[in-house]
Amino acid sequence: QVQLVESGGGLMQAGGSLRLSCAASGRPDSIRTIGWYRQAPGKQRELVALINSGGHTDYVESVKGRFTISRDNGKNTAHLQMNSLKSEDTAVYYCNVRGLWPQDDYWGQGTQVTVSS
């Protein structure tokens, strides 16, 4: 039905920037939210950034002012622009899309982001 593929991760020095992309194949009838999550080694998964159908965004406190989530409806893509990267941003980043119905909850396979200091 819906497949999500993340890309754009890699190695970056502290202070640098990366832009993650989430490409969707198959379209839910309605998208309520798109989120970026991350999971660092030995830590629980956390929500990093969220955008809803009205364009409202929310961010975890630790990335405010540095990360920006965006959405391109026409291209079925979403992005996470990450600036001023810190070593503590190192994690696997996952894209999540939720639709109108509870069963419409989709995840990508993740992309590794490693920040060296």
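What you are looking at is a predicted structure, and each value in this text was computed from that prediction instead of being measured.
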Give, for atom [atom1] of [X] and atom [atom2] of [Y], the distance between the pair rounded to the nearest 0.5 Å.
| X | Y | atom1 | atom2 | answer |
| --- | --- | --- | --- | --- |
| Leu50 | Arg32 | CG | CZ | 10.5 Å |
| Arg98 | Ser30 | CZ | OG | 14.5 Å |
| Met12 | Asp89 | CE | CG | 12.0 Å |
| Cys22 | Asp72 | SG | CG | 12.0 Å |

Under 3.5 Å: donor-acceptor pair, side chain of [X], backbone of [Y]:
| X | Y | result |
| --- | --- | --- |
| Glu6 | Ser21 | no |
| Arg66 | Ser84 | yes |
| Thr114 | Thr90 | no |
| Asn52 | Thr57 | no |

For [X] versus [Y], what's the shortest heavy-atom pair and its separation?
| X | Y | value |
| --- | --- | --- |
| Asn96 | Tyr37 | CB-CE1, 3.7 Å |
| Ile34 | Ala78 | CG2-CB, 3.8 Å |
| Arg71 | Ser53 | NH1-CA, 3.9 Å |
| Ala91 | Gln112 | O-NE2, 3.4 Å |
| Tyr94 | Gly108 | CD2-O, 3.7 Å |

Under a 3.5 Å cutoff, is there a donor and acceptor pairing between the side chains of [X] and [Y]?
| X | Y | value |
| --- | --- | --- |
| His79 | Ser70 | no |
| Asp104 | Tyr106 | yes |
| Asn83 | Gln81 | yes |

#### Entry: Stepwise side-chain contact (heavy atoms from CB on, under 4.5 Å) check, Val97 with Thr33
CA-CA 6 Å; Val97 174; Thr33 62; over 6 Å; no
### Task
Please assess Trp107 against Leu4 for the test side-chain contact (heavy atoms from CB on, under 4.5 Å), listing each intermediate value before the final yes or no.
CA-CA 6 Å; Trp107 293 87; Leu4 305 178; 5.6 Å; no
### Task
Take Glu46 and Gln39, measure what side-chain contact (heavy atoms from CB on, under 4.5 Å) needs, and give me the verdict at the end.
CA-CA 6 Å; Glu46 68 171 346; Gln39 187 164 20; over 6 Å; no
Taking a hydrophobic cluster as the set of Ile, Leu, Val, Met, Phe, Trp and Tyr residues connected by side-chain heavy atoms closer than 4.5 Å, whether directly or through intermediates, do [X] and [Y] fall within one such cluster?
| X | Y | answer |
| --- | --- | --- |
| Phe67 | Val92 | no |
| Val115 | Leu80 | yes |
| Met82 | Tyr59 | yes |
| Tyr93 | Val60 | yes |

### Task
For Gln13, look at atom CD and say whether over 12 heavy atoms of other residues, nucleotides or ligands are found less than 6.0 Å away.
no
### Query
Does the side chain of Leu18 reach to within under 4.5 Å of the side chain of Leu85, using non-hydrogen atoms?
yes
